[in-house]
A.B. asks: 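My questions will all concern the structure given below.
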Amino acid sequence: AAMSRKGGKLLVDSLTRSAKHFTKSEVECLVKLFDTLVAKASSQFAGAGFDRTVFRDTLYNAFGMTDDVVLDRVFSTFDKDNNGCITAVEWVEGLAVLLRGTLEEKMKYCFAVYDLNGDGYISKEEMFQMLKHSLLIQPADEEPDEGVKDLVEIALKKMASTYLLVPFLLQDHDRDGKLSFMDFEKAVRDENLLLEAFGPCLPDIK
């Protein structure tokens with residue numbers, strides 16, 4: 001028990017340094033919450049962390065995040081080693097960005113959420129997939145996919161044109177429309193509302 005307490009103190013001290021947006025007492029609370037969530041999870045991770053289901057339920061209950069596609073992508077950004085398990089370090093450091101991140105940190109986070117295949121670009125298809133699942137259902141007499149395609153074109157035009165056009169076209173050899181992080185960053189710095197342009201992946205102020 002003494003060893004466990006010592007290990008817990010070292011973990012808290014380490015996380016207070018690495019997750020710099022939280023105070024030590026906040027980190028302690030988040031580690032306690034982590035332990036509670038691990039107890040709810042299946043035993044497949046031997047107490048080292050919790051799975052996707054517990055993660056999704058927690059974000060749903062805490063922040064009202066309901067979009068399955070977005071929640072899966074948020075899980076992937078937290079799960080740095082891609083092993084299907086959220087550890088204490090991944091939990092606290094992930095929440096530091098989600099809740100208290102700087103604009104720079106949030107831009108990198110949102111871009112990673114939208115970059116479904118992790119190739120460093122947000123393609124038209126990725127934009128379509130994100131928007132398709134995050135928009136309200138349209139009237140029955142309209143073709144929902146066409147509305148989403150129109151939104152993708154508008155977003156791409158807006159975000160690509162805010163950066164220098166020539167480098168953008170040079171990167172986009174087959175002209176299929178892709179946003180690099182540089183394009184995304186420039187667009188968001190010009191207009192912060194574009195941060196969640198392809199789906200809500202951050203908690204609201206409440």
Side-chain angles (χ1 to χ4, degrees), residues 11-12 14-15 18-22 26-136 148 178-179 181 184-185 188 194-206:
L11 176 63
V12 167
S14 173
L15 284 170
S18 64
K20 54 188 178 294
H21 301 308
F22 291 133
E26 287 173 331
V27 170
E28 286 172 344
C29 289
L30 290 173
V31 170
K32 284 178 185 174
L33 175 58
F34 172 82
D35 290 338
T36 302
L37 295 173
V38 169
K40 286 183 183 177
S42 63
S43 59
Q44 70 180 102
F45 301 120
F50 54 84
D51 59 16
R52 187 180 301 266
T53 302
V54 172
F55 181 84
R56 286 161 57 108
D57 288 348
T58 303
L59 263 62
Y60 170 78
N61 292 323
F63 308 126
M65 296 174 75
T66 58
D67 188 303
D68 287 341
V69 174
V70 170
L71 284 169
D72 276 340
R73 293 300 304 150
V74 174
F75 180 87
S76 296
T77 64
F78 272 63
D79 183 19
K80 299 293 186 190
D81 56 7
N82 197 32
N83 68 349
C85 168
I86 301 296
T87 64
V89 172
E90 290 171 336
W91 171 243
V92 175
E93 291 183 352
L95 284 176
V97 173
L98 194 71
L99 299 176
R100 304 259 178 92
T102 62
L103 179 61
E104 180 71 26
E105 289 170 329
K106 286 181 177 177
M107 283 190 292
K108 289 177 180 175
Y109 159 79
C110 289
F111 188 87
V113 169
Y114 302 143
D115 179 13
L116 301 181
N117 65 1
D119 69 349
Y121 294 91
I122 305 173
S123 67
K124 276 187 177 182
E125 178 58 29
E126 287 169 332
M127 294 177 203
F128 180 84
Q129 290 303 322
M130 296 300 296
L131 288 172
K132 182 178 180 180
H133 293 286
S134 64
L135 294 176
L136 294 173
V148 176
K178 290 182 178 181
L179 285 176
F181 178 73
F184 182 74
E185 179 182 29
V188 172
L194 291 173
L195 182 62
E196 295 181 89
F198 306 117
C201 55
L202 289 164
D204 61 22
I205 298 301
K206 181 181 176 183

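Position 1 is the first residue of the sequence; numbering continues from there. Computed from a predicted model, the values in this text were never measured in an experiment.
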A.B. asks: State, with a plain yes or no, whether a side-chain heavy atom of Leu116 is found less than 4.5 Å away from one of Met130.
C.D. replies: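 Touching, per the 4.5 Å side-chain cut-off.
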A.B. asks: Quick one: does His21's side chain get under 4.5 Å of Leu95's, heavy atoms only?
C.D. replies: no
A.B. asks: Which heavy atom of Asp115 sits nearest to which heavy atom of Gly120, and what is that distance?
C.D. replies: OD2-N, 2.8 Å
A.B. asks: Under the side chain to side chain contact (heavy atoms under 4.5 Å, CB included) rule, what do Val113 and Phe198 come out as? Steps first, then yes or no, please.
C.D. replies: CA-CA 9 Å; Val113 169; Phe198 306 117; over 6 Å; no
A.B. asks: List the steps, then state whether side chain to side chain contact (heavy atoms under 4.5 Å, CB included) holds for Leu202 with Phe63.
C.D. replies: CA-CA 9 Å; Leu202 289 164; Phe63 308 126; over 6 Å; no
A.B. asks: Distance from Gln129 atom CD to Ile122 atom CD1, nearest 0.5 Å?
C.D. replies: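 It is 14.0 Å, given to the nearest 0.5 Å.
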A.B. asks: Dump the intermediate steps for side chain to side chain contact (heavy atoms under 4.5 Å, CB included) on Leu103 and Val188, then the final yes or no.
C.D. replies: CA-CA 9 Å; Leu103 179 61; Val188 172; 4.2 Å; yes
A.B. asks: Look up atom CG in Leu37 and atom CD1 in Ile86, then write down how far apart they are to the nearest 0.5 Å.
C.D. replies: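 Going from CG on Leu37 over to CD1 on Ile86, the span is 10.5 Å.
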A.B. asks: Would you compute the distance between atom NZ of Lys20 and atom CD of Glu93 and round it to the nearest 0.5 angstrom?
C.D. replies: 9.0 Å
A.B. asks: Donor-acceptor pair, distance only, cut-off 3.5 Å: does the side chain of Glu126 make one with the backbone of Asn117?
C.D. replies: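 Judged by distance alone, yes, a pair lies under 3.5 Å.
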A.B. asks: If the plane angle is over 60° it's perpendicular, under 30° parallel, otherwise tilted; pick one for Phe184 and Tyr114.
C.D. replies: perpendicular
A.B. asks: Which pair of non-hydrogen atoms, one from Thr87 and one from Phe34, has the smallest distance, and what is that distance?
C.D. replies: C-CE1, 3.4 Å
A.B. asks: Between Met127 and Leu179, is there a side-chain heavy-atom distance shorter than 4.5 Å?
C.D. replies: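 The answer is yes, as the side chains (C-beta and beyond) meet within the 4.5 Å cut-off.
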A.B. asks: Which heavy atom of Leu71 sits nearest to which heavy atom of Met65, and what is that distance?
C.D. replies: CD1-O, 3.5 Å
A.B. asks: So do the side chains of Arg56 and Val74 get within less than 4.5 Å of each other, counting heavy atoms only?
C.D. replies: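 Answer no - side chains too far apart.
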A.B. asks: Are any of the side-chain heavy atoms of Leu11 and Val27 separated by less than 4.5 Å?
C.D. replies: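 No, side chains not in contact.
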A.B. asks: Do Cys201 and Tyr109 have side chains that get closer than 4.5 Å, going by heavy atoms?
C.D. replies: yes
A.B. asks: Please report the interatomic distance CG(Asp51) to CG(Asp57), rounded to the nearest 0.5 Å.
C.D. replies: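 Going from CG on Asp51 over to CG on Asp57, the span is 9.0 Å.
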A.B. asks: Any sub-3.5 Å donor-acceptor pair from Glu90's side-chain atoms to Lys80's backbone N or O?
C.D. replies: yes
A.B. asks: Starting from the C-alpha separation in whole Å, work towards a yes-or-no answer on salt bridge (Lys or Arg N to Asp or Glu O under 4.0 Å) for Arg100 and Glu26.
C.D. replies: CA-CA 12 Å; Arg100 304 259 178 92; Glu26 287 173 331; 2.8 Å; yes
A.B. asks: Over all heavy atoms of both residues, which pair between Cys110 and Glu196 is shortest? Give the atoms and the distance, please.
C.D. replies: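 Taking every non-hydrogen atom into account, SG-CG, 4.4 Å.
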A.B. asks: Considering only heavy atoms from C-beta outward, does the side chain of Leu99 approach that of Phe22 to under 4.5 Å?
C.D. replies: yes
A.B. asks: Could you state the interatomic distance from OH (Tyr60) to CZ (Phe55), rounded to the nearest 0.5 Å?
C.D. replies: 16.0 Å
A.B. asks: So Trp91 and Phe78, would you call those rings parallel, tilted or perpendicular, with 30° and 60° as cut-offs?
C.D. replies: tilted
A.B. asks: Is the shortest side-chain heavy-atom distance between Arg52 and Asp79 below 4.5 Å?
C.D. replies: no
